Amino acid sequence: ALLKMQFDAQRMSYAAEYPDAEHFIVTVGEQDVGQLKIEYSDSTLLGIDLSIHNKLRDKGIGSAVLNGLFAEAVATGRTFVLHVLKTNRAIGLYERFGCRITADRGSHFEMKWNGASGEDLNVGK
């Protein structure tokens, strides 16, 4: 009951803050292994939430999803931006892929991927 209540609260919060976001189930073969929520604008591909089942982490699934998002950003001329909880261990993964913290949003960091643009990203901008 508690997990359902937390899930419903998160879903309502995302719906209010990102009404145009799209939700995808991440699959490997026939197995559902995680979920992805993204929002498209003319200039930005915003990664709102990416989560992979705990038992399936560190197997390259998140990396494969990120590579797909980066490729889509390049192909569509968008900047890839994501919001990540400050305590999320995935920050290291995002940094290894070239994402840099660009803003402190309280409980979250905003990060941008500069792999395609080569723009100079500075913390706090």
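Just so you know, these numbers come straight off a predicted model, no measurement behind them.
Inter-residue side-chain proximity for L45 and Y40 is flagged as met; some heavy-atom pair is nearer than 4.5 Å. Using a 4.5 Å heavy-atom cutoff, the side chains of K86 and D104 are in contact. Using a 4.5 Å heavy-atom threshold, the side chains of I61 and V28 count as touching. Annotation: side chain of L82 is not in contact with side chain of E110 (no heavy-atom distance under 4.5 Å). Side-chain contact check for L56 versus N54: every heavy-atom pair is 4.5 Å or farther apart.
Annotation: side chain to side chain donor-acceptor pair (under 3.5 Å) contacts of T76 (sequence neighbours excluded): R78. For R96, there are no side chain to side chain donor-acceptor pair (under 3.5 Å) partners, not counting sequence neighbours. Residues that satisfy the side chain to side chain donor-acceptor pair (under 3.5 Å) test with S51, not counting sequence neighbours, are Q35. Scored by the side-chain contact (heavy atoms from CB on, under 4.5 Å) test, E95 finds I91, R100, I101, M111 as partners (sequence neighbours excluded).
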Step-by-step side-chain contact (heavy atoms from CB on, under 4.5 Å) determination, S107 to L85: CA-CA 6 Å; S107 62; L85 193 63; 4.2 Å; yes
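Listed by first and then second residue, the salt bridge (Lys or Arg N to Asp or Glu O under 4.0 Å) pairs involving residues 26-40 amount to none (not counting sequence neighbours). Note on residues 51-75: pairs passing salt bridge (Lys or Arg N to Asp or Glu O under 4.0 Å), not counting sequence neighbours, are D58-R89.
Taking both residues in full, the closest heavy atoms of I48 and I38 are given as CD1-C, 4.1 Å, listed atom of the first, atom of the second, then distance.
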Cut-off 3.5 Å, no hydrogens considered: what does the side-chain donor-acceptor table look like for residues 63-70, sequence neighbours left out?
from: N67; atom 1: ND2; to: S63; atom 2: O; distance (Å): 3.3

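Looking at W113, its side chain never comes within 3.5 Å of a backbone N or O of V81 through a donor-acceptor pair.
With values rounded to the nearest 0.5 angstrom, Y94 atom OH is found 13.5 Å from F109 atom CZ. Of the inter-residue distances, the one linking D20 atom CG with L46 atom CG reads 11.5 Å to the nearest 0.5 angstrom.
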